[in-house]
Amino acid sequence: MLTRKQYELLLFINRRLSDGGVSPSFEEMKDALGLKSKSGIHRLISGLEERGFIRRLPHRARALEVVRLPEDTAYAVQRGRTVERRQFSPTVIRGDFKAALPGAAASEAGEAVQLPLLGRIAAGTPIEALRDPTSSIGVPPALIGRGEHYALEVAGDSMVDAGILDGDTVLIQRAETAENGQIVVAIIDDAEVTLKRLRRRGDSIALEPANKDYETRIFGPDRVKVQGKLVGLIRRY
């Protein structure tokens, strides 16, 4: 799912590339979206890149490539814990409302799906997580796909440049493997749980923050276990 600003930025970049073949500058993006600083543009671009909509081209200034555009005709905008549907063409939401979701329950198709809320996870110094399986949270079905999912509350600011803020609720698809570059729930030494971007470096695994104030941590492959992959986010304003 894209936020409204991510969607607007994606269309703006695509339009400029189509018109002149050159990516807009960060200053132009900031003005086009009515933002006060370019740091917000950096976060939006990181979010679009993470979701596979754009690609940064190496060794070239102002080089962005639009990989894909949203596909459907109904675009969902997240506001707090609700989803407001507006008619755009295209959209970023493709939900399977008929499929049963293991580990989740919905009273009727299209109603909120109840996911287990398993506690807090660190986007900073690792802290205890997955400790409260008795709570649950309702989420729109369009935010998740097939498979088993759960939710965690984020504590810390090490993933802010990926658009993940302290206090956000992240939606996780249970998985034991992940592709290089995906944001994952990782357990370190069977004791510490954290939310980071996973990178494989030879025989080692790097857990990368999305905040320059934090350092990447590197471990042997036997010390890190993937417990899930980030698929969505809910923010309360």
*Judged by atom type as modelled, is there a donor-acceptor pair below 3.5 Å linking the side chain of K5 to the main-chain atoms of L33?*
yes
When you look at E208 and K196, which way does the side chain to side chain contact (heavy atoms under 4.5 Å, CB included) test go after all the steps? CA-CA 6 Å; E208 295 180 351; K196 292 291 182 291; 5.9 Å; no
Flag side-chain contact, heavy atom, 4.5 Å: H149 against V139
no
Between the CD1 atom in I54 and the CG atom in L48, the distance rounded to the nearest 0.5 Å is 5.0 Å
Indicate whether any N or O donor in one side chain lies under 3.5 Å from an N or O acceptor in the other, for S46 and R56. yes
What one should report as the nearest heavy-atom pair of D166 and G156 is OD1-N, 2.8 Å
Separation between CE (M29) and NZ (K38), nearest 0.5 Å, reads 10.5 Å
**Q.** Any V113 side-chain heavy atom under 4.5 Å of I144 side chain
**A.** yes
To the nearest 0.5 Å, atom CD of E148 lies from atom CG of L115 at 10.0 Å
When rounded to the nearest 0.5 Å, the distance separating CG of L10 from CZ of R15 is 10.5 Å
Examine distances only and state if a side-chain atom of N211 and a backbone atom of D157 form a donor-acceptor pair shorter than 3.5 Å. yes
Output for pair (I121 CD1, L195 CG), nearest 0.5 Å, gives 5.0 Å
Minimal heavy-atom distance between G181 and R197, with the atoms involved, is O-NH1, 2.8 Å
Inset, instruction - May I ask you to decide if L64's main-chain N or O and S23's side chain share a donor-acceptor pair within less than 3.5 Å? - result: yes
- Message: Do V184 and F219 land in one hydrophobic cluster if side-chain heavy atoms of ILVMFWY residues count as linked below 4.5 Å?
- Response: yes
Heavy-atom closest pair (I137 atom, A151 atom, distance to 0.1 Å) is CG2-CB, 3.7 Å
In V170, T169, L233, the residue satisfying side-chain contact (heavy atoms from CB on, under 4.5 Å) with V154 is V170
Of Q6, E49, K30, the one forming a side-chain contact (heavy atoms from CB on, under 4.5 Å) with L44 is Q6
The single option from R223, R217, K225 that satisfies salt bridge (charged side-chain N to carboxylate O under 4.0 Å, His left out) with D189 is R223
Hey, does Q182 have a side-chain heavy atom less than 4.5 Å from the side chain of V226? no
Shortest non-hydrogen pair, R120 vs A155, comes out as NH2-CB, 3.1 Å
Check your understanding: Near D213 CG, under 6.0 Å, is it more than 12 heavy atoms from other residues, nucleotides or ligands?
Key -> yes
**Asked** Under a 4.5 Å cut-off applied to non-hydrogen side-chain atoms, are I183 and I164 in contact?
**Response** yes
- Query: Does Y7 share a hydrophobic cluster with I45, counting links as ILVMFWY side-chain heavy atoms below 4.5 Å and allowing steps through other members?
  - Reply: yes
In this structure, NZ of K229 is separated from CG of L171 (nearest 0.5 Å) by 14.5 Å
Shortest non-hydrogen pair, G163 vs R235, comes out as O-NH2, 2.8 Å
Treating Ile, Leu, Val, Met, Phe, Trp and Tyr as nodes and any side-chain heavy-atom pair under 4.5 angstrom as an edge, say whether V185 and L165 lie in one connected cluster.
no
Q. Between I188 and L207, is any pair of side-chain heavy atoms under 4.5 Å apart?
A. yes
Correct closest heavy-atom pair for A162 and A210 would be N-CB, 3.7 Å
Can you confirm whether F26 sits close enough to H42 that some side-chain heavy atom of one is under 4.5 Å from a side-chain heavy atom of the other?
yes
Before you tell me yes or no, could you show the steps for L118 and I172 under side chain to side chain contact (heavy atoms under 4.5 Å, CB included), namely the whole-Å CA-CA distance, both residues' side-chain angles and the distance that decides it to 0.1 Å? CA-CA 11 Å; L118 300 185; I172 306 297; over 6 Å; no
I'd like to check R199 versus N180 (side-chain heavy atoms, cut-off strictly below 4.5 Å). Are they in contact? yes
Got I13 and F53 here, is their nearest side-chain heavy-atom distance under 4.5 Å?
no
